[in-house]
2 protein chains.
Amino acid sequence: MEEGLRERKKRETRQRIADIAMGLFMVKGFDNVTVAEVARTADVSVNTVFNYFSTKEDLFADRQDVAVDHPVQVVRGRAPGESVAAVFRRDFLDALETRHWRYGFNVGADVFAKLVNDSPTLVARMREIHELRERSLARALADEAEADDLTPLLVASQVLNTTRLLADFALRRTLAGEPWESIAPDLRAQAERAFDLLESGIGGYGTRPPLTPAGSAPPLAVAGGEQPGAEPEDRERGGED
Amino acid sequence: MEEGLRERKKRETRQRIADIAMGLFMVKGFDNVTVAEVARTADVSVNTVFNYFSTKEDLFADRQDVAVDHPVQVVRGRAPGESVAAVFRRDFLDALETRHWRYGFNVGADVFAKLVNDSPTLVARMREIHELRERSLARALADEAEADDLTPLLVASQVLNTTRLLADFALRRTLAGEPWESIAPDLRAQAERAFDLLESGIGGYGTRPPLTPAGSAPPLAVAGGEQPGAEPEDRERGGED
DNA sequence: TACAATTTTGGAGTCACTGCAAGTTGGATA
DNA sequence: TATCCAACTTGCAGTGACTCCAAAATTGTA
């Protein structure tokens with residue numbers, strides 16, 4: 001089955017719109033570009049843009065599936081005898097050495113980052129992608145472990161949060177103008193510590209000195225429930241998350 | 001300095017709008033209520049609504065600061081000799097026994113949850129709140145530890161993800177129609193395991209049998225980079241998160 | 001009572017996004 | 001080659017959140 005002219009044109013149009021949109025976003029910032037402007041520049045109607053991309057964000061977040069899939073690929077790539085935490089350590093450090101984009105270490109990643117950071121919509125989208133990643137990794141882990149409890153989810157969540165915070169750490173310093181050469185060694189050190197923590201748990205973290213003479217610990221129980229300045233009547237609220 | 005008529009009226013108006021909005025949301029669902037409708041029902045102009053609440057979500061998420069603050073209160077309530085993980089375990093189990101709303105265990109929480117779940121906007125907002133919680137807890141931990149590394153952030157993130165996933169677990173089963181009496185024991189068991197995992201780390205999790213005769217582990221390195229169906233030219237992408 | 005500071009309101013406008021009906025075009029068929 | 005169908009594109013007319021602005025209406029004060 002050949003690929004007809006029709007199919008090709010479609011692909012081309014879609015690609016052209018996405019490229020032009022990204023170009024405009026890079027120059028003017030996501031929020032300062034209207035879909036109408038993208039359409040005009042790409043020489044199509046607004047409706048056509050929405051025909052290919054269901055929201056403006058999709059114009060930016062195209063191919064997010066790659067990012068979502070990556071963690072699953074990583075666990076699948078475990079060597080014999082290698083734990084989940086260990087592969088991710090390996091994968092992360094490898095990306096660090098090679099300045100790979102999968103954790104945002106490539107040259108120019110900061111431009112993207114700034115672009116995202118400046119747009120609440122895109123920041124929200126990133127959080128969503130993170131959750132998708134979490135879920136897909138959790139499913140992968142659950143499949144191979146055949147467990148029906150929360151463990152896979154917890155593991156996935158902890159691992160991905162570790163890498164996320166590490167990537168974020170590097171990013172913040174990059175955005176602050178620090179050169180990669182200066183960040184890298186520190187990042188490596190932090191990564192080792194972070195993965196150590198991930199592996200060994202936060203068990204005793206923050207334990208207060210057991211025997212302080214003055215001041216006994218008040219029972220917390222409803223901590224945050226009866227704030228001093230809160231309403232008298234307890235307005236019931238619900239769904240934490 | 002007295003509280004003038006003006007101040008009082010302002011507070012009342014604000015409260016009335018918020019209450020009426022919440023009422024409408026509960027009945028019709030967040031996305032099926034327009035701001036105009038809220039305004040009409042509250043007998044004010046649309047502009048007045050936006051005068052008090054800068055977005056439609058704020059109409060719902062009012063008082064989110066309490067939720068954001070809770071974790072900080074919990075760590076502040078540590079008993080001598082008690083670790084961070086331990087207080088959260090205690091706080092969580094206590095909430096479980098008392099069916100407290102701080103983790104969404106109160107009667108009627110499911111209604112809120114459904115409301116939130118059905119609106120992408122609100123789901124996004126919840127994710128944002130989670131991040132705020134993470135950050136404020138991290139700051140609190142960093143302050144008392146006087147550390148300048150990522151540890152407080154990592155700890156905060158892991159703790160809050162644990163509670164989040166546990167709360168979610170309970171919620172999903174509630175939404176599936178299961179009665180609380182049936183959920184609670186299971187939830188308690190899951191919670192104990194989750195906090196154990198949190199404390200002792202995911203160290204050996206998912207370790208593959210070290211010596212499998214057939215099939216050696218391929219080096220992953222650029223896992224996810226060269227997907228089978230991906231574009232030939234490597235379109236550089238940036239900001240992971 | 002008159003003036004000043006605040007609120008409230010109406011109105012006009014922008015932007016993302018939807019639904020619909022009328023073109024336009026590519027490809028298969030007679 | 002003429003014809004026809006289905007898919008793609010477009011214009012048009014909304015809806016709904018949110019902004020800006022200038023004209024009332026209301027409240028605190030001199």
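Note on naming: letters A, B, ... go to the chains in the order of the sequence lines (proteins, then strands), and numbering restarts at 1 for each one. Not measured: the values here are computed from a predicted model.
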Select one nucleotide: of [options], the one nearest the side-chain heavy atoms of [X].
X       : options                : answer
A:Glu57 : D:dA17, C:dC17, C:dT9  : C:dC17
B:Ser45 : C:dG10, C:dA16, D:dT26 : C:dG10
B:Thr55 : C:dA16, C:dG11, D:dC18 : D:dC18
B:Thr34 : C:dT18, D:dA17, C:dT9  : D:dA17
B:Asn51 : C:dT7, D:dT9, C:dA16   : C:dT7
A:Lys10 : D:dC8, D:dT26, D:dG11  : D:dC8

Check the distance between [N]'s [atom2] and [X]'s [atom1] and give it to me in whole angstrom.
X       : N      : atom1 : atom2 : value
B:Phe53 : D:dA17 : CZ    : P     : 15 Å
B:Asp43 : C:dT7  : CG    : P     : 19 Å
B:Arg11 : C:dT7  : CZ    : C1'   : 17 Å
A:Arg40 : C:dC15 : CZ    : C1'   : 13 Å
A:Glu7  : D:dA6  : CD    : C1'   : 12 Å
A:Phe50 : C:dC15 : CZ    : P     : 12 Å
A:Asp58 : C:dA16 : CG    : C1'   : 13 Å
B:Ile17 : C:dT9  : CD1   : C1'   : 13 Å

Worksheet item: Which part of the nucleic acid, if any, lies within contact of B:Val49, taking any heavy atom under 4.0 Å across all strands shown: a base, the sugar-phosphate backbone alone, or nothing?
Response: nothing
Discussion item. Regarding B:Val44, tell me which of base, sugar-phosphate or nothing describes its non-hydrogen contacts under 4.0 Å with the strands shown.
Written reply: sugar-phosphate
Worksheet item: Is there a donor and acceptor pair, one atom on the side chain of B:Asn47 and one on the base of C:dG11, closer than 3.5 Å?
Response: yes
[X] side chain N/O closer than 4.0 Å to the phosphate oxygens (OP1, OP2) of [N]?
X       : N      : value
A:Thr48 : D:dT10 : yes
A:Tyr52 : D:dT9  : yes
B:Lys9  : D:dT27 : yes

Worksheet item: Taking atom CE of A:Met126 and atom CZ of A:Arg133, what is their separation to the nearest 0.5 Å?
Response: 8.5 Å
Worksheet entry | Over all atoms of both residues, closest heavy-atom pair of A:Ala42 and A:Ile17 | CB-CG1, 4.2 Å
Fill in: Exercise: identify the closest heavy-atom pair between A:Asp31 and A:Asp118
OD2-O, 3.7 Å
Worksheet item: In terms of heavy-atom contacts, does CZ of A:Arg139 have more than 12 from other residues, nucleotides or ligands at under 6.0 Å?
Response: no
Practice prompt. Answer with yes or no whether the side chains of B:Gln190 and B:Asp186 bring together a donor and an acceptor at under 3.5 Å.
Written response: no
